[in-house]
K.L.:
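Before I ask anything, here is the structure I am working with.
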There are 2 protein chains.
Amino acid sequence: MKGKNTHQGPEKKEAGLEPAGICRLLGLKLTPQRLAILEYLDGNTAHPGAEEIYAAVAGRFPGLSLATVYNTLASLRDKGRLLELSIDPAKRRYDPRTRPHHHLICISCSRIVDIEHTFDLEIPEALKMGYEITGNEIGFYGLCPDCNKTDAKRQPDIRQGGSHVRRP
Amino acid sequence: MKGKNTHQGPEKKEAGLEPAGICRLLGLKLTPQRLAILEYLDGNTAHPGAEEIYAAVAGRFPGLSLATVYNTLASLRDKGRLLELSIDPAKRRYDPRTRPHHHLICISCSRIVDIEHTFDLEIPEALKMGYEITGNEIGFYGLCPDCNKTDAKRQPDIRQGGSHVRRP
DNA sequence: CCCTTCACTTGTAATCATTCTAAATTGAAA
DNA sequence: TTTCAATTTAGAATGATTACAAGTGAAGGG
């Protein structure tokens with residue numbers, strides 16, 4: 001763990017704009033803490049939670065407060081630069097990739113990967129119940145390669161139910 | 001609030017089987033607390049959280065413990081009789097309708113309605129990253145009729161971002 | 001370059017949902 | 001009945017997130 005980020009692999013980043021630029025663009029004050037957080041998030045595909053972000057950034061930036069992480073995440077989220085995912089029931093996860101995409105989460109270890117693919121999700125007008133729809137997100141559930149190996153012998157019925165079934 | 005349930009409207013229930021039958025079928029002991037919870041959940045389309053279930057059932061069943069609600073929900077979930085939704089970042093919600101379906105949540109008041117519609121969600125093999133997919137759930141985000149009315153004048157940009165943007 | 005100011009940061013307390021625990025209770029099988 | 005494991009219960013414990021009050025520093029104006 002030495003590089004700029006703890007990526008899951010080589011990934012294409014969002015359309016340019018380094019941390020400082022983002023702050024200026026959003027009208028946010030340019031503080032070192034923010035820059036460090038932004039930098040950690042930039043191109044990160046691990047969908048980290050607040051605590052993880054804190055741990056990672058605090059390493060390079062001693063004295064950082066967890067509260068600052070939450071504050072920063074909140075403003076980025078409010079400004080639309082960050083997606084706050086509720087796909088993991090244990091905690092909120094953050095995704096710097098703001099272009100619409102979906103997620104695939106392991107029901108055993110909670111690892112999340114992005115699904116960059118467009119689906120046709122037109123809801124029949126009759127089912128919209130008068131809602132004005134602004135977005136959508138698909139959560140795919142399954143077993144990641146690692147867990148699939150390990151769990152092969154577990155009760156098979158645990159996988160029934162067709163949908164987002166979580167392990168005890 | 002007098003009827004059997006606090007439904008959102010007339011709804012078709014899951015394929016028969018009253019509370020007692022469900023317990024027997026699942027090999028669960030038939031306790032009055034469980035029956036009361038099952039009864040409350042039966043046909044309920046409000047996607048209640050644990051606290052709400054507790055409050056509702058405790059009304060008719062004084063002495064009920066919140067822990068029991070959590071216990072019961074956990075066993076029903078494990079047995080596949082109940083879906084545990086993480087669509088609401090504030091808390092887990094429960095859905096007795098176990099047939100695959102999707103949800104539409106109001107980004108302002110968190111009201112959830114079911115979307116009973118089948119979508120074609122084939123993920124290109126190349127994007128599956130080796131995961132064995134067991135299910136999926138689409139979360140549609142938007143404004144419910146009520147909030148849409150109330151919020152009409154709010155900052156329009158809050159609705160940008162394309163996806164699950166939550167109100168501060 | 002020096003002020004001034006208010007957005008930010010910080011540490012900590014408070015809150016909230018959920019889980020854990022250990023003891024008491026009770027279905028249900030024998 | 002008797003028995004015993006499953007279940008219920010109150011309350012403590014945990015973990016994530018939010019709230020708060022006081023201190024700090026980035027940034028614009030002079």
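As the structure is a computational prediction, the values presented were derived from the model and not from experiment. Side chains included, hydrogens not; waters and symmetry mates left out as well; all remaining heavy atoms used. Each chain gets a letter, A, B and so on, in the order its sequence line appears, and its residues count up from 1.
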K.L.:
Mark yes or no for whether A/Asp114, through its side chain, and A/Glu116, through its backbone, hold a donor-acceptor pair below 3.5 Å.
P.N.:
no

K.L.:
Anything under 30° is parallel, anything over 60° is perpendicular, the rest tilted; go ahead and classify B/His103 against B/His47.
P.N.:
perpendicular

K.L.:
Whole angstroms only, please: what is the CG-C1' distance between A/Asp88 and C/dT18?
P.N.:
14 Å

K.L.:
Quick one, give me the B/S/- string for nucleotides 5-17 of chain D, reading 5' to 3', where B means a protein heavy atom under 4.0 Å from the base and S means that only happens at the primed atoms, P, OP1 or OP2.
P.N.:
BBSBBB-----SB

K.L.:
Measure from CD on B/Glu52 to P on C/dC16 and round the result to the nearest Å.
P.N.:
15 Å

K.L.:
Would you say A/His102's side chain and A/Ile138's backbone share a donor-acceptor pair under 3.5 angstrom?
P.N.:
yes

K.L.:
Atom CZ of B/Arg24 and atom C1' of C/dA29: how far apart are they, to the nearest Å?
P.N.:
15 Å

K.L.:
Send over the distance from B/Tyr54 OH to C/dT19 P, rounded to a whole Å.
P.N.:
17 Å

K.L.:
Check whether B/Lys79 reaches the backbone of B/Leu26 with its side chain - one donor and one acceptor, N or O, closer than 3.5 Å.
P.N.:
yes

K.L.:
Taking B/Arg93 first and then B/Glu84, would you say they form a salt bridge - that is, a charged N and a carboxylate O separated by under 4.0 Å?
P.N.:
no

K.L.:
Whole angstrom is fine here: how far is it from CG in B/Leu35 over to C1' in C/dT26?
P.N.:
14 Å

K.L.:
B/Leu26 CG to C/dA28 C1': how many Å, rounded?
P.N.:
17 Å

K.L.:
Do A/Ser65 and A/Val69 make a side-chain contact, defined as non-hydrogen atoms from C-beta onward lying under 4.5 Å apart?
P.N.:
no

